[in-house]
Number of protein chains: 2
Amino acid sequence: MYIETAGTTKFDRKLAAPCLKCPTRRHSIYAALSGDMLDDLFRRGHCLALGRGETLMWEGEEALLVGTVRSGLLKITSMMSDGREQILGLAFPGDFVGRPFSRQATSSITALTDTTMCVFRGNVFDAFAGNHPELQHAVLLHALDELDRARRWMMLLARTSARERVASFLIEMADRAGAGDGEPVDIMLSRQQMADFLGLTIETVSRRLTALRQARVVRLPDLRSFIILSRAALRDAAGDALSLAA
Amino acid sequence: MYIETAGTTKFDRKLAAPCLKCPTRRHSIYAALSGDMLDDLFRRGHCLALGRGETLMWEGEEALLVGTVRSGLLKITSMMSDGREQILGLAFPGDFVGRPFSRQATSSITALTDTTMCVFRGNVFDAFAGNHPELQHAVLLHALDELDRARRWMMLLARTSARERVASFLIEMADRAGAGDGEPVDIMLSRQQMADFLGLTIETVSRRLTALRQARVVRLPDLRSFIILSRAALRDAAGDALSLAA
DNA sequence: CGTGCGGTTGATCCGAGTCAAGCCAAGTGG
DNA sequence: CCACTTGGCTTGACTCGGATCAACCGCACG
């Protein structure tokens, strides 16, 4: 919908060394892999820092990188020719992004906040995975999980009301942040991004949020955070769209 | 939405032998695999016939089988507690269904027409794939394809009008059938199933179809088939939702 | 100060959903 | 053979939720 401030990606080879001690290597798809193998893999990787709004890859263009998010938040998006944009998924720390075994990006990937990543050149990663079935297995499990998540999200986009979508989004964000009721949760998205994610317009998102505020279900201390006052009421508003987002 | 006539699945071990000559073994995920390995794998497989409306697995329940469609058509669905159903995907001949490396079904799989399949017990398939990285690689590529398809479909469900959805559905079906303009194409879905697929109601599907008929874009010789009269007009109606379904 | 940007709020519109009636072809049973 | 039902589909009248268009608010920044 908007052309984000698109800078060049900061690709600093000198940061490769710290990757060997990268905290994400024990999580996400690497969790099940042996230390030796990880050393081997991470020697081939690099650290990458993306500023808010910077884009890792563009839909339809060549995509040379794959990797995992270390900190921050990415959006995976697709856009129609008339400008309608849809966020197809979010990538939180630990999530794997990019398309192994293909150099064609089927969607754009853009940083919503300042983000750091562990990245590999696609062909390097592919070759390594080809020699290490365990890694390929881990990638497969991750892909199957993503497929399930995408399908549940399809359900939400196809069949639920704006009320249900906004409520289940808030629950999802609170759960991701591990925040209990009464604790402030950081919404890392602008209203526009929430709208793109939920398949709504910015005005509808705003209205549904104020409705929840007026019903004393949440507080909205500022534009980028919220506090759940009544979990039960929020769950109720989400219907079982809740379980779809899980 | 409806309780389909749910029979027990016809699981006939005696049909295993013909699987060695099953035509699908040279297609789909098996295409890249060696003949010896396929013999080995298919010795462990079975043929399965599903009548229209029969269900291979139920959402949330244990799913012991994985396999590929040999002939016919399956729907992959999920349902909300209030009965709202959504078709998350269709499985045409050659497509792989089921969830390897997990015995939990995340969606239901039901035959829309009489269907034959090549199936494997999940744990048998998993073990075999564990010993044959090429097979696992093929499954991974298939999963990544499905993920892309699901994400494009999300876009369609989130952002397009009923007109665009119905038009792109017709184009998709015609392309799948390889039928040119003027040739009748079999819609293998009822109006209800089309609605569940497109995230619409049966009435809206019906209205959009008659609108296309009245505009002389398609002919509808009977309830289960259609003929494209003007490809250009149909493409136009689909907008670029067309490319989303591809 | 203005100016711009992100967000909210209000008025109105429109398209898909809902509810209800009717159509037609395929059974079904007297 | 014909009345009657049944199920899938179409059509019409109406409703309603979310989109659209537009005004406005508040804050950051020059």
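Chain letters run A, B, ... following the sequence lines, proteins first, then strands; residues in each count from 1. Values reported hereafter were calculated over all heavy atoms of this structure, with side chains retained and with hydrogens, waters and symmetry mates removed.
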**Backbone of B:Leu157 reached by a side-chain donor or acceptor of B:Arg165 within 3.5 Å** = yes

**Message:** Under a 4.0 Å threshold between the charged nitrogen and the carboxylate oxygen, would B:Glu172 count as salt-bridged to B:Arg176?
**Reply:** yes

**Message:** A:Leu112 vs A:Leu189, test: side-chain contact (heavy atoms from CB on, under 4.5 Å). Steps then yes/no.
**Reply:** CA-CA 7 Å; A:Leu112 292 176; A:Leu189 284 64; 4.0 Å; yes

**Message:** Return whichever of A:Val205 or B:Val205 has its heavy-atom-nearest nucleotide of DNA chain C closer to the 5' end.
**Reply:** A:Val205

**Message:** So, OP1 or OP2 of C:dG7: does either fall under 4.0 Å of a side-chain N or O from A:Ser206?
**Reply:** no

**Fill in**
Rounded to whole Å, the CD1-P distance (A:Ile187 to C:dG6) equals 16 Å

**Complete:** Rounded to whole Å, CZ of A:Arg208 lies from P of C:dG7 at a distance of 18 Å

**Between P of D:dT20 and CD of A:Gln192, the distance in whole Å** = 11 Å

**Asked** At under 4.0 Å between heavy atoms, what does B:Leu200 touch on the DNA or RNA strands: base, sugar-phosphate, or nothing?
**Response** sugar-phosphate

**Message:** Please report the distance, rounded to the nearest Å, between CZ in A:Arg165 and C1' in D:dA19.
**Reply:** 13 Å

**Prompt:** Can you check whether A:Thr210 has a side-chain N or O nearer than 4.0 Å to OP1 or OP2 of C:dT9?
**Reply:** yes

**Asked** Can you tell which of D:dG18, C:dG17, D:dT10 lies closest to the side chain of A:Ser161?
**Response** D:dG18

**Message:** Please classify the nucleic acid contact of A:Arg213 as base, sugar-phosphate, or nothing, using heavy-atom distances under 4.0 Å.
**Reply:** sugar-phosphate

**Prompt:** Any sub-3.5 Å donor-acceptor pair from A:Glu59's side-chain atoms to A:Met79's backbone N or O?
**Reply:** yes

**Message:** Using modelled atom types and a 3.5 Å cut-off, is there a donor and acceptor pairing between side-chain atoms of B:Gln86 and backbone atoms of B:Asp196?
**Reply:** yes

Polar atom pairs (N or O), protein with nucleotides 26-28 of chain D, under 3.5 Å:
none

**Asked** With the threshold set at 4.0 Å, does a side-chain nitrogen-carboxylate oxygen contact exist between B:Asp175 and B:Arg231?
**Response** yes

**Asked** Nearest-Å distance, CZ (B:Arg224) to P (D:dC9)?
**Response** 6 Å

**Request:** Classify the ring geometry between A:Phe169 and A:Phe197 as parallel (under 30°), tilted (30 to 60°) or perpendicular (over 60°).
**Result:** perpendicular

**Complete:** Taken to the nearest whole Å, CZ/B:Arg52 to C1'/D:dG8 is 12 Å

**Prompt:** Heavy atoms, side chains only, cut-off 4.5 Å: are B:Leu156 and B:Glu164 in contact?
**Reply:** no

**Message:** Quick one: does any side-chain atom of B:Arg84 pair with a main-chain N or O of A:Arg159 as donor and acceptor, under 3.5 Å?
**Reply:** yes

**Request:** Starting from P on D:dG17, measure out to CD on A:Glu164 and report it in whole angstrom.
**Result:** 12 Å

**Item:** A:Leu74 and A:Thr115, any side-chain heavy atoms less than 4.5 Å apart
**Value:** yes

**Asked** In whole angstroms, how far is the P atom of C:dG7 from the CG atom of A:Asp196?
**Response** 12 Å

**Item:** Along DNA chain C (nearest heavy atom to each residue), the more 5'-positioned of A:Thr204 and A:Arg159
**Value:** A:Thr204

Under 3.5 Å between N/O atoms: give me all the protein pairs with nucleotides 19-24 of chain C, atom names plus distance.
unit_1, atom_1, unit_2, atom_2, d
C:dC19, N4, B:Glu203, OE2, 3.1

**Closest to side chain of B:Leu223, choosing from D:dT20, D:dC9, C:dT9** = D:dC9

